[in-house]
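Taking it in order: structure first as structure tokens, then the write-up.
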Amino acid sequence: LLAFDLITEVNRNMGYSNLLLPQALNASSLVERDRSLVTELVYGTIRMQGKHDWIIKQISDRTFSEIDPGIIDVLRLGIHQIHEMRIPDHAAVSATVEVARKRLGESKASFVNAALRSVARATKDEWFAPLDLIEDPIEHLSIRYSHPEWIISSYFDLLKDWTEVELALK
């Protein structure tokens with residue numbers, strides 16, 4: 001719940017995670033292990049939002065702008081656990097659905113459950129295989145490495161070679 005609240009504060013209210021997270025952890029009674037988990041959930045989810053959004057766009061029948069912002073944030077949190085952490089898929093889905101239930105309500109939690117079960121049915125590599133069909137190197141690298149397109153473009157302006165840009169992004 002704390003991780004979701006902080007991610008929402010950053011994404012919806014332009015909060016700064018590097019300021020909010022330490023304050024929230026200091027105010028909490030979490031043990032060190034849980035503090036580390038919250039830290040990875042917050043920083044990792046925010047860092048990989050571009051990749052997570054790629055998957056959300058594939059699993060939703062609505063355009064990204066039509067999806068409730070709370071659902072987007074909770075899906076990002078769940079996808080991060082499934083693809084970027086060593087949390088078993090069933091545990092990631094269950095915990096994320098519980099967050100959705102408590103913060104967004106039962107009907108949205110049902111949507112989150114279905115969406116995350118869909119994510120867990122395929123591997124990360126399978127989800128990102130369609131990226132190879134994107135011919136625009138800026139868009140492709142932006143999604144693959146979860147960096148804004150302006151950064152990819154700036155790297156290319158500096159390095160003048162797509163292979164070198166990709167090496168820098170890795």
Side-chain angles (χ1 to χ4, degrees), residues 1-15 17 20-21 37-153 162 165-166 169-170:
L1 290 171
L2 181 58
F4 173 78
D5 292 344
L6 291 168
I7 290 166
T8 298
E9 185 65 26
V10 169
N11 287 333
R12 307 296 159 225
N13 299 321
M14 300 183 64
S17 59
L20 295 169
L21 180 62
L37 176 62
V38 170
T39 299
E40 171 55 28
L41 288 171
V42 172
Y43 288 150
T45 298
I46 290 169
R47 167 70 186 89
M48 293 297 172
Q49 281 186 170
K51 291 177 85 170
H52 303 334
D53 291 353
W54 161 263
I55 293 173
I56 294 169
K57 290 172 186 174
Q58 291 182 68
I59 61 175
S60 179
D61 57 355
R62 298 183 213 159
T63 63
F64 195 76
S65 62
E66 293 175 326
I67 303 172
D68 179 275
I71 289 176
I72 289 172
D73 284 339
V74 80
L75 286 175
R76 287 170 171 162
L77 186 61
I79 292 167
H80 186 72
Q81 293 172 74
I82 292 168
H83 283 176
E84 307 295 334
M85 298 178 71
R86 294 177 307 212
I87 296 174
D89 291 352
H90 70 278
V93 171
S94 177
T96 306
V97 168
E98 190 60 29
V99 169
R101 184 173 286 117
K102 289 182 177 179
R103 291 296 190 256
L104 306 174
E106 191 61 45
S107 65
K108 291 178 182 177
S110 295
F111 175 81
V112 167
N113 184 44
L116 291 178
R117 287 182 184 277
S118 175
V119 170
R121 278 194 280 278
T123 67
K124 184 173 156 181
D125 289 340
E126 290 170 328
W127 279 107
F128 288 95
L131 263 183
D132 294 335
L133 302 174
I134 297 176
E135 293 182 19
D136 176 13
I138 294 175
E139 181 182 5
H140 176 96
L141 294 173
S142 175
I143 295 166
R144 179 161 311 280
Y145 296 104
S146 198
H147 283 335
E149 289 186 0
W150 70 266
I151 289 178
I152 308 298
S153 182
W162 288 115
V165 170
E166 187 162 12
L169 293 169
K170 283 181 183 178

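Everything numeric in this text was worked out from a predicted model, so none of it was measured. We number each residue from 1, following the sequence as shown.
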To the nearest 0.5 Å, tell me how far [X] [atom1] sits from [Y] [atom2].
{"X": "Glu66", "Y": "Ile71", "atom1": "CD", "atom2": "CD1", "answer": "12.5 Å"}
{"X": "Leu116", "Y": "Thr96", "atom1": "CG", "atom2": "OG1", "answer": "5.5 Å"}
{"X": "Leu21", "Y": "Tyr43", "atom1": "CG", "atom2": "OH", "answer": "4.5 Å"}
{"X": "Ile151", "Y": "Tyr145", "atom1": "CD1", "atom2": "OH", "answer": "15.0 Å"}
{"X": "Ile7", "Y": "Ile46", "atom1": "CD1", "atom2": "CD1", "answer": "5.5 Å"}
{"X": "His83", "Y": "Thr123", "atom1": "NE2", "atom2": "OG1", "answer": "7.0 Å"}

Got [X] and [Y] here, is their nearest side-chain heavy-atom distance under 4.5 Å?
{"X": "Arg12", "Y": "Ile72", "value": "yes"}
{"X": "Trp127", "Y": "Ile59", "value": "yes"}
{"X": "His52", "Y": "Leu75", "value": "no"}
{"X": "Leu37", "Y": "Ile87", "value": "yes"}
{"X": "Gln49", "Y": "Asn11", "value": "yes"}
{"X": "Phe4", "Y": "Lys102", "value": "no"}

Provide the closest heavy-atom pair for [X] versus [Y] in the form atom of the first, atom of the second, distance.
{"X": "Phe128", "Y": "Lys51", "result": "CZ-O, 3.7 Å"}
{"X": "Gly78", "Y": "Ala92", "result": "O-CB, 4.5 Å"}
{"X": "Arg76", "Y": "Asp73", "result": "NH1-OD1, 3.2 Å"}
{"X": "Val42", "Y": "Ser17", "result": "CG1-CB, 4.3 Å"}
{"X": "Glu106", "Y": "Arg101", "result": "OE1-NE, 2.8 Å"}
{"X": "Ser142", "Y": "Pro148", "result": "OG-C, 4.0 Å"}

Looking only at atom types and distance, does a side-chain atom of [X] sit under 3.5 Å from a main-chain N or O of [Y], one as donor and one as acceptor?
{"X": "Ser118", "Y": "Ala114", "answer": "no"}
{"X": "His140", "Y": "Leu131", "answer": "yes"}
{"X": "Asn13", "Y": "Gly15", "answer": "no"}

Discussion item. Assess the residue pair Ile152 and Trp162 against the criterion (side-chain contact (heavy atoms from CB on, under 4.5 Å)); give the C-alpha distance rounded to whole Å, side-chain angles, the decisive distance to 0.1 Å, and a yes or no.
Written reply: CA-CA 9 Å; Ile152 308 298; Trp162 288 115; 3.9 Å; yes
Item to complete: Let me see the working for Arg121 and Asp89 under salt bridge (Lys or Arg N to Asp or Glu O under 4.0 Å), right down to the final yes or no.
Response: CA-CA 9 Å; Arg121 278 194 280 278; Asp89 291 352; over 6 Å; no
Discussion item. Between Arg47 and Glu84, is the side-chain contact (heavy atoms from CB on, under 4.5 Å) condition met? List the steps.
Written reply: CA-CA 11 Å; Arg47 167 70 186 89; Glu84 307 295 334; over 6 Å; no
Worksheet item: Going by atom types only, do Glu40 and His80 share a side-chain donor-acceptor pair under 3.5 Å?
Response: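 The answer is yes; a qualifying pair exists.
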Worksheet item: Taking it one step at a time, do Asp5 and Arg103 satisfy side-chain contact (heavy atoms from CB on, under 4.5 Å)?
Response: CA-CA 9 Å; Asp5 292 344; Arg103 291 296 190 256; 2.8 Å; yes
Item to complete: Give the C-alpha distance, both sets of side-chain angles, the deciding distance and a yes or no for side-chain contact (heavy atoms from CB on, under 4.5 Å) between Val93 and Gln81.
Response: CA-CA 9 Å; Val93 171; Gln81 293 172 74; over 6 Å; no
